[in-house]
Amino acid sequence: MEYSPVLHSLHVVPSSYVRNKLLVFCIMLSLWVYMIYCCVGYCSTLPNPAYGSVNRGAEADSQGSSLGASRDLLENDADSRGDEWDDTRGEARAPEGNAVLNESESKKLPRAIIIGVKKGGTRALLEFLRLHPDIRAVGAEPHFFDRNYDRGLEWYRELMPKSSEGQLTMEKTPSYYVTKEVPARIYNMSKDTKLIVVVRDPVTRAISDYTQTRSKKPDIPSFESLTFKNTSTGLIDTTWSAIQIGMYARHLERWLQYFPMEQLLFVSGERLITDPAGEMARVQDFLGLRRVVTGKHFHFNPAKGFPCLKRPEGNSKPHCLGKTKGRTHPNIDPEVAQRLRDFYKPFNSRFYQMTGHDFGWD
């Protein structure tokens, strides 16, 4: 067979052409992969938008507080998001400089719960406790045992911040104390759970409760008209939640069916204002913690009429709770207030007897 240059070129050229095409394809593929890798690396260095928004919201919350003759440090807003005083102790940021500790952290069910009461001072207590390095607490109120129980314990656990073995996980939901089903549900989770109740003069608490509601619904009836079923007879309307919550002894009876008194601590909302360090010493002892939060962490603000928090080791400006803390109470008819005091007196006496402590409300 004769050698044909034409046939030879037809055989060689296609083979060379394919090799060139494959080379170009490989180069393009490599460039494409490299560009994706660069983009992913850049995105990973961007700040977390959600975390940034939380911090900005906290800074906004920490500014301002309405002034007036009647003060209310111990407010719990309905959304209960809370004030973030120390960003480094928030749930979104882990402790710095301890990689080994971070790897050992996990989400745990709470071993202590602030169960009440609304308008008693639970937000203030939670923020004071979060200064302690051995406390890890979720900021918002989970409302698991009263509103979200059907979601299950794993859902509840996921709401908790990560903690190490040496730390105590906590949460606070003030409505637990007055909800009938809650004592049994917490007992079923753990019969060893420690329970904290912040209580306050029930008359002042009821007025504070009404003040918060009126700030959101200005057209609601007067405090006096809501207090009585019939103003002429002077019969107190105990179906109104603002009145019902302050009947502390009645609610406590349900809790004592499941938990011994040794597992409950009753904190004075009044003394959280006048002697925050003293009340915090009691709370830390009850929780089995070192007395880390002391008088050096508090700065009394005479203009606001309640203590603010400060970092003892720094010169930063003291941080007061948000602008919703300090609402001016409406003027209440003194006769109505006295009738309420007379109504609560037997409940208070029973409560003092049950707890072994006279809170001095009468």
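When reading the values below, keep in mind they use all heavy atoms of this one structure, side chains included, and skip hydrogens, waters and symmetry mates.
Between Ala249 and Arg350, the closest heavy-atom pair is CB-CG, 3.6 Å. Taking all atoms of both residues into account, the shortest heavy-atom contact from Ser208 to Lys119 is OG-CD, 3.0 Å. Here the closest non-hydrogen pair linking Lys118 and Pro174 is N-CB, 3.4 Å. Contact record, Ser190 with Phe259: O-CE2, 4.1 Å, taken as the closest heavy-atom pair. Minimum interatomic distance between Ala242 and Ala206 (heavy atoms only, all atoms of both residues): O-CB, 3.5 Å. Closest approach of Asp201 to Trp361, counting heavy atoms only: N-NE1, 3.2 Å.
With hydrogens and angles ignored, the 3.5 Å screen pairs no side-chain donor or acceptor of His357 with any backbone N or O of Val267. Judged by distance alone, the side chain of Glu224 and the main-chain N or O of Val336 form no donor-acceptor pair under 3.5 Å. Side-chain atoms of His251 come within 3.5 Å of backbone atoms of Gln244 as a donor-acceptor pair (strictly under, hydrogens ignored). A donor-acceptor pair under 3.5 Å is absent between the side-chain atoms of Arg151 and the main chain of Tyr156, judged by distance alone. Between the Lys107 side chain and the Glu158 main chain, a donor and an acceptor come within less than 3.5 Å of each other. Between the side chain of Asn148 and the main chain of Pro142, a donor-acceptor pair closer than 3.5 Å is present. In this structure, the side chain of Gln284 engages the main chain of Val293 through a donor-acceptor pair within 3.5 Å. Under a 3.5 Å cut-off, the side chain of Tyr177 and the backbone N or O of Tyr248 do form a donor-acceptor pair. In this structure, the side chain of Glu171 does not engage the main chain of Met160 through any donor-acceptor pair within 3.5 Å. A donor-acceptor pair under 3.5 Å links the side-chain atoms of Glu279 to the main chain of Ser268, judged by distance alone.
Relative ring orientation between Phe145 and Tyr149 is described as tilted, the plane-to-plane angle lying within the 30° to 60° band. Between Phe343 and Phe347, the angle of the ring planes lies from 30° to 60°, which puts this pair in the tilted group.
For Trp255 and Tyr176, the ring centers sit 6.0 Å or farther from each other.
No more than 12 heavy atoms of other residues, nucleotides or ligands lie within 6.0 Å of CG in Asn331, so this atom counts as exposed by the packing criterion.
Put simply, the side chain of Val283 does not reach to within 4.5 Å of the side chain of Phe128, judged on heavy atoms. Within the 4.5 Å cutoff, no side-chain heavy atoms of Leu168 are placed close to those of Ser163. The closest side-chain heavy-atom distance from Phe351 to Tyr344 is not below 4.5 Å. Side chains of Ser104 and Glu165 form no contact here, defined as non-hydrogen atoms less than 4.5 Å apart. In this structure, Leu109 and Thr193 have side chains that are not in contact, with every pair of non-hydrogen atoms separated by 4.5 Å or more. Using a 4.5 Å heavy-atom cutoff, the side chains of Val199 and Thr355 are not in contact. Looking at heavy atoms from C-beta onward, Lys194 lies out of side-chain contact with Met170 at the 4.5 angstrom threshold. Contact of the Leu340 side chain with the Phe223 side chain is registered, since non-hydrogen atoms from C-beta on lie closer than 4.5 Å.
Both cation-pi conditions hold for Arg339 and Phe228: the charged atom is under 6.0 angstrom from the six-membered ring centre and inside a 45 degree cone around its axis.
Arg291 has a carboxylate O that lies under 4.0 Å from a charged side-chain N of Asp285, or vice versa, which qualifies the two as a salt bridge. A salt bridge is absent between Asp146 and Arg185: the closest approach of a Lys/Arg side-chain nitrogen to an acidic carboxylate oxygen does not fall below 4.0 angstrom. Note on Glu270 versus Arg200: no salt bridge recorded, every NZ/NE/NH1/NH2 to OD/OE distance being 4.0 Å or above.
The hydrophobic clustering, which links ILVMFWY residues whose side-chain heavy atoms are closer than 4.5 Å, places Ile115 and Phe359 together. Ile207 and Val178 fall into different hydrophobic clusters, where Ile, Leu, Val, Met, Phe, Trp and Tyr are joined by side-chain heavy atoms under 4.5 Å apart, directly or via other members. Residues Ile186 and Trp155 share a single hydrophobic cluster, defined by chaining ILVMFWY side chains whose heavy atoms lie under 4.5 Å apart. Following chains of ILVMFWY side-chain contacts shorter than 4.5 Å, one cannot reach Leu235 starting from Leu226, and the two form parts of different hydrophobic clusters.
With no hydrogens or angles considered, a side-chain donor-acceptor pair links Lys172 and Thr122 at under 3.5 Å.
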Trace of the side chain to side chain contact (heavy atoms under 4.5 Å, CB included) decision for Leu195 with Gln263: CA-CA 6 Å; Leu195 309 168; Gln263 282 179 234; 5.6 Å; no
Checking Gln167 against Glu105 for the side chain to side chain contact (heavy atoms under 4.5 Å, CB included) test, could you report, in this order, the C-alpha distance in whole Å, the side-chain angles of both residues, the deciding distance, and whether it holds? CA-CA 10 Å; Gln167 292 178 314; Glu105 289 184 336; 4.2 Å; yes
Assess the residue pair Phe266 and Met261 against the criterion (side chain to side chain contact (heavy atoms under 4.5 Å, CB included)); give the C-alpha distance rounded to whole Å, side-chain angles, the decisive distance to 0.1 Å, and a yes or no. CA-CA 10 Å; Phe266 293 89; Met261 187 62 76; 3.8 Å; yes
List the steps and the verdict of side chain to side chain contact (heavy atoms under 4.5 Å, CB included) for Arg111 and Asp192. CA-CA 8 Å; Arg111 289 189 287 139; Asp192 299 319; over 6 Å; no
